[in-house]
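Read through the structure below, which is laid out as structure tokens, and then see the notes.
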Amino acid sequence: MLPFENAWPYEKIMGDIYVSSCPFCEAENVLLPLKPSELSVIHDGKKKLLVFPCCHHKTTLIDADHDYLLTDSPIQKRMP
């Protein structure tokens, strides 16, 4: 089972990939420096360094599906 705290939802809009809020600085509607074609390559097993343009925080993507990006480290706080 994949750890949910390592996942963050994203959206594809007009060929761009957005997150509704940055998990690190909480900026809203962040355009990610990813192409939709890269998502299938990440899903097939290639890792990708993602640098959030709003706060320059770095994380490594290890998987992607149609709704979530999966990183190698926790990006969400656990709820008690």
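Residues: numbered from 1 along the sequence shown. Scope of the values below: all heavy atoms of this structure, side chains included, with no hydrogens, waters or symmetry mates. These numbers were taken from a predicted model, which means no experiment stands behind them.
When all heavy atoms of Lys58 and Leu49 are compared, the pair lying nearest together is CB-CD1, 4.0 Å. Nearest heavy-atom pair, Trp8 versus Cys22, reported as atom, atom and distance to 0.1 Å: CZ2-C, 4.3 Å. Pairing each heavy atom of Leu50 with each of Pro33, the nearest pair is CD1-CD, 3.8 Å. Heavy-atom minimum distance, Tyr68 versus Pro9: CD2-N, 3.5 Å.
The line from OH of Tyr10 to CG of Asp16 is 13.0 Å long, rounded to the nearest 0.5 Å. Rounding to the nearest 0.5 angstrom, the gap separating the CG atom in Asp67 from the NZ atom in Lys12 is 9.5 Å. For the atom pair Glu28 CD and Glu26 CD, the distance stands at 9.5 Å (nearest 0.5 Å). Distance check, rounded to the nearest 0.5 Å: CG of Asp72 to OG1 of Thr60 gives 4.5 Å.
Below 30°, between 30° and 60°, or above 60°: for Phe24 and Phe52 the angle between ring planes is above 60°, a perpendicular geometry.
Under the 4.5 Å side-chain criterion, counting only non-hydrogen atoms from C-beta, Leu61 is in contact with Leu34. Contact of the Ile75 side chain with the Leu69 side chain is not registered, since no non-hydrogen atoms from C-beta on lie closer than 4.5 Å.
In this structure, Thr71 contributes its side chain and Asn6 its backbone to a donor-acceptor pair below 3.5 Å. Although no hydrogens or angles enter the test, the distance criterion places a donor-acceptor pair under 3.5 Å between the side chain of His43 and the main chain of Ala64.
Cluster annotation: Tyr18 is not connected to Leu39 through the hydrophobic network of ILVMFWY side chains, with a link wherever side-chain heavy atoms come within less than 4.5 Å.
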